[in-house]
Amino acid sequence: MEARVPVGGPVPRRLREDMGADPEKFFLDNVPRYSHSCTSDIFVNYTTLRDEDRLVDGRNCVLVSVGLGATFGAMVISHRKR
């Protein structure tokens, strides 16, 4: 995976620790900029990574979201340059 684009807050930290995953693969730079914007985080974060040219063409990204009421969602996308 090129990047994992999670929601903000404590969930990504616990998830990384539970998975034993490389923290560098998780994008949390927007948390201090925009805070946590619920399920919109994945789109805000993906757009930031794309606009900053931080994604590799053809590589996969995991997008993870947490909504109100303890709902969770995830999808894998293949990034393509415009």
Side-chain angles (χ1 to χ4, degrees):
M1 288 298 141
E2 179 63 25
R4 292 167 183 88
V5 183
V7 298
V11 173
R13 184 181 61 250
R14 286 194 308 260
L15 181 63
R16 285 193 322 252
E17 291 167 359
D18 289 348
M19 292 173 54
D22 178 3
E24 294 299 315
K25 294 287 186 176
F26 286 78
F27 178 75
L28 298 171
D29 297 8
N30 280 336
V31 173
R33 291 180 211 169
Y34 307 117
S35 188
H36 173 39
S37 52
C38 296
T39 56
S40 298
D41 285 330
I42 58 172
F43 303 108
V44 172
N45 292 337
Y46 176 78
T47 300
T48 299
L49 287 166
R50 183 198 65 203
D51 292 350
E52 293 179 359
D53 202 31
R54 295 171 63 179
L55 298 171
V56 176
D57 188 43
R59 295 290 304 267
N60 292 335
C61 294
V62 177
L63 307 179
V64 180
S65 68
V66 178
L68 298 174
T71 58
F72 300 88
M75 66 179 154
V76 176
I77 64 167
S78 293
H79 171 70
R80 299 283 185 231
K81 289 205 183 255
R82 302 186 226 178

Say you draw a straight line from [atom1] of [X] to [atom2] of [Y]; how long is it, rounded to the nearest 0.5 Å?
| X | Y | atom1 | atom2 | value |
| --- | --- | --- | --- | --- |
| Phe27 | Thr48 | CZ | OG1 | 5.0 Å |
| Asp53 | Lys81 | CG | NZ | 3.5 Å |
| Ile42 | Met75 | CD1 | CE | 4.0 Å |
| Asn45 | Tyr34 | CG | OH | 9.5 Å |

Fill in: Test item: Val44 and Arg33 side chains (from C-beta on) under 4.5 Å apart, heavy atoms
no
Answer yes or no: is there a side-chain heavy-atom contact under 4.5 Å between Asn30 and Asp41?
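Side chain of Asn30 against side chain of Asp41, heavy atoms only: no contact under 4.5 Å found.
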Checklist line | Heavy-atom donor-acceptor pair, Asn60 side chain to Val76 backbone, under 3.5 Å | finding: no
query: What about Leu49 and Phe43, same hydrophobic cluster or not, with Ile/Leu/Val/Met/Phe/Trp/Tyr joined at side-chain heavy-atom distances under 4.5 Å?
result: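 Yes, it is one cluster - the side chains of Leu49 and Phe43 are joined through contacts under 4.5 Å.
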